[in-house]
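Have a look at the structure below before the remarks.
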Number of protein chains: 2
Amino acid sequence: MLRPAEQSSQTSVKVANDVPALSKLGIVVRFGRHETIFNQGDEAKYSYRLVSGAVRHSKFLVNGRRQIADFSLPGEYFGFQNDCEHSLTAEALSDVVVVRYPRSHVERLGEEVADVRRELMLNLRRELMMAQEHLVMLGRQSAKERVASFIVALANRVDAGNGDTITLPMGRQDIADYLGLTIETVCRAISDLKQCGVIKVPNRHELVLLRLDVLEALASGESDED
Amino acid sequence: MLRPAEQSSQTSVKVANDVPALSKLGIVVRFGRHETIFNQGDEAKYSYRLVSGAVRHSKFLVNGRRQIADFSLPGEYFGFQNDCEHSLTAEALSDVVVVRYPRSHVERLGEEVADVRRELMLNLRRELMMAQEHLVMLGRQSAKERVASFIVALANRVDAGNGDTITLPMGRQDIADYLGLTIETVCRAISDLKQCGVIKVPNRHELVLLRLDVLEALASGESDED
DNA sequence: CGCTTGCTTGAGTCTGATCAATGCTCGTGG
DNA sequence: CCACGAGCATTGATCAGACTCAAGCAAGCG
């Protein structure tokens, strides 16, 4: 199917519906599962919009520890935040299709078109706010609360409600590295939630929301619930 | 001395050296120690530049837990990140002098002047990168490493080196809430560092850097050091 | 079919939280 | 000027939640 090596089709596409002015600049590029899209420290030559698949954005410490800052889902932009070099490593969680924009063009468009500018600004602000929520999770929530928050956030992002099944495009280790936990702790928290009848887990990559209300209570730290 | 109630002198000032175009818009405002400058959820009517004192930016959870996202030191801007409502509560750590800019004017200037725009963008990016570093700390560093990181970051911000004395404008509880720890753990970590001869602590609000190299090693997670 | 890869569960340990007591500093009033 | 008290900071003892290490399990694939 998809080759691990980067394949580009030079067709311009109409996926950038949020920023129509951008659409003409992008080309489609594919990455295989676990391929690196760009590395922390790389010169930020391109920005991206994710068409399909999922991407993780992480930082690595000297001793091999990893912190995932964010996941990208289809329709979302990434790689816009830095002008000179990327501050995060972006890797494909699965086979991935992106639209790639040369940064220099994006930059110029930003200077010239007010709409693009506003959109870029808005994007940055959204990311900052998400990072702030993430800080609260890592700094002040228990393991179970973090896992609940994670599920609720994911559900909101794909607009899922009670009874709906959501897909987890990332593995347990990725969730752990996002939540600042170990894989075992994440597993146990998920098992707990399963036990309590709050979720169902038909398989590794799927999750059925049974009691979104309980999850939300846990996520916001209503400590008396178990 | 400074009254707790907000006092404004309607003189325009020349403090915004980074963004000269802004300087004419600002007025000087004072806040007393522990006064709230704005609350999470408040309409973002103003942006600020800190002239003197220090400010903490925090999020509160329902159960009273608090996560501090950032501190502002003299010369720094804050309250620019949101267009509609503030996502963080800003409080004066000490008596504080700020220059206050009406957001609507900032917004307009941003539309019209490329320099201002670039500066605003840069500011947002800086904040996002700081938040990402913060995430790593909270997610993947031990208590001692976090405290070391905190000290190193502060030292860098005020451009202090070995032998220099740095001022801690915040209390221990604030440090704890920034680092996602308890006040006791922060104290113990500081005591440890004192014990190892890495820092000296002449009093609550001052700290002498004796071995910045060791602090940096700890901060970056070179696990063999103690 | 057996191997690999990733997930789950269990047992024991350890780091950091909690609870409790004491110390220090500064400002206020006798 | 000293005594007192408020507000933090520090230190100690104990506890618990999350980590580590270790084993077993399920699914996918060559």
Side-chain angles (χ1 to χ4, degrees), chain A residues 1 33-34 56 61 63-67 93-95 137-150 167-195 199-207 218 221 223 226, chain B residues 1-2 32-34 56 61 63-67 93-95 137-150 167-195 199-207 218 221 223 226:
Chain A
M1 319 243 89
R33 177 175 146 87
H34 290 170
R56 71 176 170 227
L61 284 81
N63 47 13
R65 285 179 279 187
R66 181 179 68 161
Q67 176 65 45
L93 282 170
S94 53
D95 290 337
M137 251 176 40
L138 299 192
R140 289 293 177 230
Q141 295 201 279
S142 71
K144 204 169 175 182
E145 288 169 349
R146 292 184 210 188
V147 171
S149 297
F150 176 74
T167 301
L168 303 173
M170 68 296 285
R172 297 289 188 268
Q173 184 61 61
D174 293 319
I175 300 178
D177 285 345
Y178 179 78
L179 297 178
L181 299 170
T182 60
I183 187 172
E184 293 95 330
T185 302
V186 171
C187 270
R188 280 186 247 272
I190 292 177
S191 295
D192 272 17
L193 294 173
K194 213 165 48 178
Q195 215 70 42
I199 56 172
K200 236 184 326 191
V201 186
N203 64 64
R204 296 183 186 345
H205 289 295
E206 283 186 333
L207 191 149
L218 270 170
S223 41
D226 200 23
Chain B
M1 322 241 89
L2 296 166
R33 177 175 146 86
H34 291 169
R56 72 176 169 227
L61 283 82
N63 47 14
R65 286 179 279 186
R66 180 179 71 162
Q67 176 65 46
L93 282 170
S94 52
D95 290 337
M137 251 175 41
L138 298 193
R140 287 294 177 231
Q141 295 201 279
S142 71
K144 203 169 174 181
E145 289 168 348
R146 292 184 210 188
V147 172
S149 298
F150 176 74
T167 302
L168 303 173
M170 68 296 285
R172 296 292 188 268
Q173 184 61 60
D174 293 319
I175 299 177
D177 285 345
Y178 179 78
L179 297 177
L181 299 170
T182 59
I183 188 173
E184 293 95 331
T185 301
V186 171
C187 268
R188 280 186 248 272
I190 291 177
S191 296
D192 273 16
L193 295 173
K194 215 165 46 178
Q195 215 71 42
I199 56 172
K200 237 185 324 192
V201 186
N203 63 65
R204 295 183 186 347
H205 289 296
E206 282 186 334
L207 192 149
L218 271 170
S223 42
D226 200 21

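Chain A is the first sequence line, chain B the second, and so forth, proteins listed ahead of strands; every chain is numbered from 1.
- Note: CZ (B:Arg140) to P (C:dT15) measures 16 Å, nearest angstrom.
- Within the model, atoms CZ of A:Arg140 and CD of A:Glu145 stand 12.0 Å from one another, a figure rounded to the nearest 0.5 Å.
- In this structure, the CD atom of B:Glu206 is 13 Å from the P atom of C:dT25, given to the nearest Å.
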Side-chain donor-acceptor pairs of residues 179-188 of chain B under 3.5 Å, sequence neighbours excluded:
from, atom 1, to, atom 2, distance (Å)
B:Thr182, OG1, B:Thr185, N, 3.3
B:Thr182, OG1, B:Thr185, OG1, 3.0

Dump every N/O contact between nucleotides 5-9 of chain C and the protein below 3.5 Å, one line per pair.
from, atom 1, to, atom 2, distance (Å)
C:dC7, OP1, A:Arg172, N, 3.1
C:dT8, OP1, A:Arg172, NH2, 3.3
C:dT8, OP2, A:Arg172, NE, 2.7
C:dT9, OP2, A:Ser191, OG, 2.3

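- One N or O on the side chain of B:Arg172 and one on the backbone of B:Arg204 form a donor-acceptor pair closer than 3.5 Å.
- With rounding to whole Å, A:Asp192 atom CG is found 11 Å from C:dG10 atom P.
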- Task: Given side-chain contact (heavy atoms from CB on, under 4.5 Å), test A:Leu138 with B:Met137 step by step and report yes or no.
- Result: CA-CA 9 Å; A:Leu138 299 192; B:Met137 251 175 41; over 6 Å; no
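- Atom NZ in A:Lys144 sits about 17 Å away from atom P in D:dA16, given to the nearest Å.
- With rounding to whole Å, A:Arg65 atom CZ is found 13 Å from D:dC19 atom C1'.
- The structure places CD of B:Gln141 at 13.5 Å from CZ of B:Phe150, a figure rounded to the nearest 0.5 Å.
- Remark: P of D:dT10 and CG of B:Leu168 are 10 Å apart, rounded to the nearest angstrom.
- Nucleotide D:dC19 holds its P atom 15 Å from the CG atom of A:Asn63, rounded to whole Å.
- When the P atom of D:dC19 is taken as reference, atom CD of B:Gln141 falls 15 Å away, rounded to whole Å.
- For A:Arg56, the salt bridge (Lys or Arg N to Asp or Glu O under 4.0 Å) partners two or more places apart in sequence, or in a different chain, are A:Glu91, A:Asp174.
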